[in-house]
Chemist: 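Have a look at the structure that comes next, please.
First the proteins, then the strands, lettered A, B, ... as listed; each starts at 1. Note that these values count all heavy atoms, side chains included, but never hydrogens, waters or copies made by symmetry.
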There are 2 protein chains.
Amino acid sequence: MVNPAGTSGKGPARSKRADAQRNQQTLLTAAAAVFVTSGVDAPIREIAARAGVGMGTIYRHFPTRADLVVAVYRHQVEACAEAGPTLLADAASPLAALAQWVDLFVDFLVTKHGLANAMQSDTSGFDALHTYFLDRLVPVCAQLLDAATDAGEIRPGTRAYELMRGIGNLCISHGSDPRYDPRRLVELLLAGLARN
Amino acid sequence: MVNPAGTSGKGPARSKRADAQRNQQTLLTAAAAVFVTSGVDAPIREIAARAGVGMGTIYRHFPTRADLVVAVYRHQVEACAEAGPTLLADAASPLAALAQWVDLFVDFLVTKHGLANAMQSDTSGFDALHTYFLDRLVPVCAQLLDAATDAGEIRPGTRAYELMRGIGNLCISHGSDPRYDPRRLVELLLAGLARN
DNA sequence: TATTAAACGGAACGTTGTTCCGCTTTCAGT
DNA sequence: ACTGAAAGCGGAACAACGTTCCGTTTAATA
């Protein structure tokens, strides 16, 4: 379950009680704040306390951790997804567009403390995260990848899914180690992708 | 602390009590078995039960999780480290040697359920793992990297530390997803490293 | 065999995830 | 405005796990 709010369902959006809507909003705000300071794997209790609600309320609105994280970052993921076609239209070449788009994705991951880590974690509740992000972004990446392949800029045979996961994995880090810069490695990966 | 057995210390190896030595060996065997079935992050209790000892005994012999994991895999890490110079001497070129060595390292990681994951985990007890593996293998990698750079086979500017961590990250996976093959991505990374 | 210090076992405590149920609040129908 | 069901809420309670601590056991030595 990834859309607890039902905001994009097609049916006649069953309106929830006023206090429920208020709490959901409060929770999103509190979660966003806590994620910044304690990472996306902050204790549920901490988020509940910050929002001034009980833990049951969190679980009712966001049955899994992934639901909460997705809800908090949905706008940014959406923006990243929509940037794909735009970049493809505007950039000098499909490969350039791909590179810029990947930059966007990397920026998104590294600026969220622990997001990349959580996305690969096998801890309860995080597997759905993985699924949601990938479902939304893989098609976009595939489009860019195909365009670059058609233009003969990269060698064929690489799948968007694999590339996305690889990039995600490269973005995993602890604290800020100057010896490890995800961007450099992602750049290397893209260089390996390029024909010649 | 990473060498609880003191087997490689230089001092006059203070002999432990017989039962202590026996238990240490039993623990290593039990841990190795449990790691295969439940991953390296298996509950301490499970390992203790498997070995037929109390939990206190584990903590006495291996104060942190990393100590236990390192002890279990020390031989393989050592073998990997020693393979570096050998490959460099035998392979057709430094780059070929590097590629073969990286293959060895990747094999090691992907065949241990959850090792790569654990190595990047910020969960208590695992940070030392990271440190030990890297301390032992980075110099080896650096030697191969330098040789390849000197031979003009790869472009300069890449650090062994970063490369090793990147490879480690790429090896993180869940179950066996046919859509994600760490080897393909590592190959891509190396391709990006190669000059031209 | 008696002594002692090392080693042992596992109860106990703290932290976190997750569920469950009695109480409270909203709101439609009057 | 009133009222009664239904929706929602809070947090106690339980489970799983890491980690510590101390009374008891046991190997080594005299």
Chemist: Could you state the atom-to-atom distance from CD1 of I58(B) to P of dG10(C) in whole Å?
Modeler: 13 Å

Chemist: Under the criterion side-chain contact (heavy atoms from CB on, under 4.5 Å), I'd like the reasoning laid out for E82(B) against T86(B): C-alpha separation, chi angles, the key distance, then a yes or no.
Modeler: CA-CA 7 Å; E82(B) 286 165 10; T86(B) 307; 5.7 Å; no

Chemist: Of the listed nucleotides (dG17(C), dC9(D), dA28(D)), which one gets closest to any side-chain atom of R45(A)?
Modeler: dG17(C)

Chemist: Rounded to the nearest Å, what distance is computed from the CD atom of residue Q24(A) to the C1' atom of nucleotide dA7(D)?
Modeler: 14 Å

Chemist: Can you tell me how far P of dC17(D) sits from CD1 of I47(B), to the nearest Å?
Modeler: 12 Å

Chemist: Look at the side-chain N and O atoms of R60(A) and state whether any lies under 4.0 Å from the OP1 or OP2 oxygen of dC9(D).
Modeler: yes

Chemist: Is there a side-chain polar atom (N or O) of R65(A) under 4.0 Å from OP1 or OP2 of dG17(C)?
Modeler: yes

Chemist: So, D107(B) and R183(B), do they make that salt bridge, N to O below 4.0 Å?
Modeler: yes

Chemist: Please check the phosphate of dC9(D) (OP1 and OP2 only) for any side-chain N or O of H61(A) closer than 4.0 Å.
Modeler: yes

Chemist: At less than 4.0 Å, is any side-chain N or O atom of N23(A) found next to OP1 or OP2 of dG8(D)? Yes or no.
Modeler: no

Chemist: Please determine whether side-chain contact (heavy atoms from CB on, under 4.5 Å) holds for the pair L68(B) and I47(B), giving the CA-CA distance in whole Å, both sets of side-chain angles, and the decisive distance to 0.1 Å.
Modeler: CA-CA 11 Å; L68(B) 182 52; I47(B) 301 171; 4.0 Å; yes

Chemist: Roughly how many Å is it from OH in Y59(B) to C1' in dC22(D), rounded to a whole number?
Modeler: 17 Å

Chemist: If you pin T57(A) and I44(B) to their nearest nucleotides in DNA chain D, which one's is more 5'?
Modeler: T57(A)

Chemist: When you check the gap from the basic side-chain N to the acidic O, do R179(B) and E162(A) get nearer than 4.0 Å?
Modeler: no

Chemist: Could you say whether D19(B) or M55(B) is positioned toward the 5' end of DNA chain D, judged by the nucleotide with the nearest heavy atom to each?
Modeler: M55(B)

Chemist: Using whole Å, what does the distance between atom P of nucleotide dT25(C) and atom CZ of R22(A) come to?
Modeler: 11 Å

Chemist: Could you work out which one of dT26(D), dA6(D), dT20(D) sits closest to the side chain of R17(A)?
Modeler: dA6(D)

